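As structure tokens, the structure follows; a few thoughts come after it.
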Amino acid sequence: MTDRPTVLFVCVHNAGRSQMAAGWLRHLAGDAVEVRSAGSAPAATVNPAAVEAMREVGVDITDQTPRLLEYATAESSDVIVTMGCGDACPVFPGRRYEDWKLADPAGRDVDAVRPIRDEIRRRVERLLRELIPAG
């Protein structure tokens, strides 16, 4: 891992879970971590309920666009966090992998997305503490 770790969040549509996780990490880590997100079958837009749920806590993900997972992006990431993308994510030696089992916010309203958002924040905070220990 370099001085500035690179974290890639991957889910199927890159429209909900991975976008919220990337938004949290950007918000909490600032420039200390390079944040990426992608999907194995990206949607056309970010899930509006995810956008609204993040807006409620002061994190703006409206400028994000779902992206296709590319081999080079995964290969050059230090940490790869998968969220229900199945076998679509390639495995590279020397990379740290985590698989976060989280409900899919697709098709849910903002009330149902809030608990997913909050669980993602807890996991991102833990990951950040492990990547950049305090003091």
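Bear in mind the structure is a predicted one, so any value in this text is a computation, not a measurement.
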When you measure from the side chain of Arg108 to the backbone of Val113, do you find a donor-acceptor pair of N or O atoms at a distance under 3.5 Å?
no
Spacing of CZ belonging to Arg129 relative to CG belonging to Leu28, to within rounding of 0.5 Å
10.5 Å
Check: Met54 main-chain N/O paired with Trp24 side-chain donor or acceptor under 3.5 Å:
no
Does either side chain, that of Asn14 or that of Gln19, offer a donor lying less than 3.5 Å from an acceptor on the other one?
yes
Starting from the C-alpha separation in whole Å, work towards a yes-or-no answer on side-chain contact (heavy atoms from CB on, under 4.5 Å) for Val7 and Val35.
CA-CA 5 Å; Val7 177; Val35 181; 5.7 Å; no
Nearest 0.5 angstrom please: Glu52 CD to Arg55 CZ, how far?
4.0 Å
Side chain proximity check, Val10 to Ser40, heavy atoms < 4.5 angstrom
no
Within the structure provided, determine whether Arg17 and Cys11 are in side-chain contact (heavy-atom separation under 4.5 Å).
yes
Ignoring hydrogens, what is the shortest heavy-atom contact between Ile116 and Asp104? Give both atom names and the distance.
CD1-C, 4.4 Å
Of all the heavy-atom pairs spanning Pro5 and Ala32, show the shortest one and how long it is.
CD-O, 3.6 Å
Can you establish whether the number of heavy atoms outside Asp31 located under 6.0 Å from its atom CG is more than 12?
no
Taking His13 for the side chain and Ala41 for the main chain, is one N or O donor matched with an acceptor at less than 3.5 Å?
yes
Only one of Arg96, Arg95, Lys101 passes salt bridge (Lys or Arg N to Asp or Glu O under 4.0 Å) with Glu98; say which it is.
Arg96
Check Ala38 against Ser18 and note the closest heavy-atom contact, atom names and distance.
O-OG, 4.0 Å
Determine the sole option in Val33, Ile61, Asp60 for which the side chain to side chain contact (heavy atoms under 4.5 Å, CB included) test with Arg26 is passed.
Ile61
Looking at Glu34 and Arg36, does any basic side-chain N land under 4.0 Å from a carboxylate oxygen?
yes
Ala50 backbone acceptor or donor facing Arg117 side chain under 3.5 Å:
no
For Val81 and Leu8: C-alpha separation, side-chain torsions, deciding distance, then whether side-chain contact (heavy atoms from CB on, under 4.5 Å) applies.
CA-CA 6 Å; Val81 179; Leu8 170 63; over 6 Å; no
Common cluster, Leu128/Met20, ILVMFWY with side-chain heavy-atom separation under 4.5 Å:
yes
Hey, does the side chain of Asp78 reach the backbone of Thr6 with a donor-acceptor pair shorter than 3.5 angstrom?
yes
CD1/Ile80 to CG/Asp99 distance, rounded to the nearest 0.5 angstrom?
12.0 Å
What heavy-atom pair brings Ala22 and Ser37 nearest, and what distance separates the two atoms?
CB-CB, 4.1 Å
For Glu125, run the side chain to side chain donor-acceptor pair (under 3.5 Å) check against Arg121, Arg122, Arg123 and tell me which one passes.
Arg121
With a 4.5 Å cut-off on side-chain heavy-atom distances among I, L, V, M, F, W and Y, is there a chain of contacts connecting Met83 to Leu68?
no
What one should report as the nearest heavy-atom pair of Gly39 and Pro42 is O-CD, 3.6 Å
Return the minimal non-hydrogen interatomic distance between Val124 and Phe9, and the atom names on each side.
CG2-CZ, 4.3 Å
Tell me whether Ser77 contacts the main-chain N or O of Thr73 through its side chain, where contact means a donor paired with an acceptor under 3.5 Å.
yes
Under a single-linkage definition using a 4.5 Å side-chain heavy-atom cutoff for Ile, Leu, Val, Met, Phe, Trp and Tyr, are Ile120 and Val57 assigned to the same hydrophobic cluster?
yes
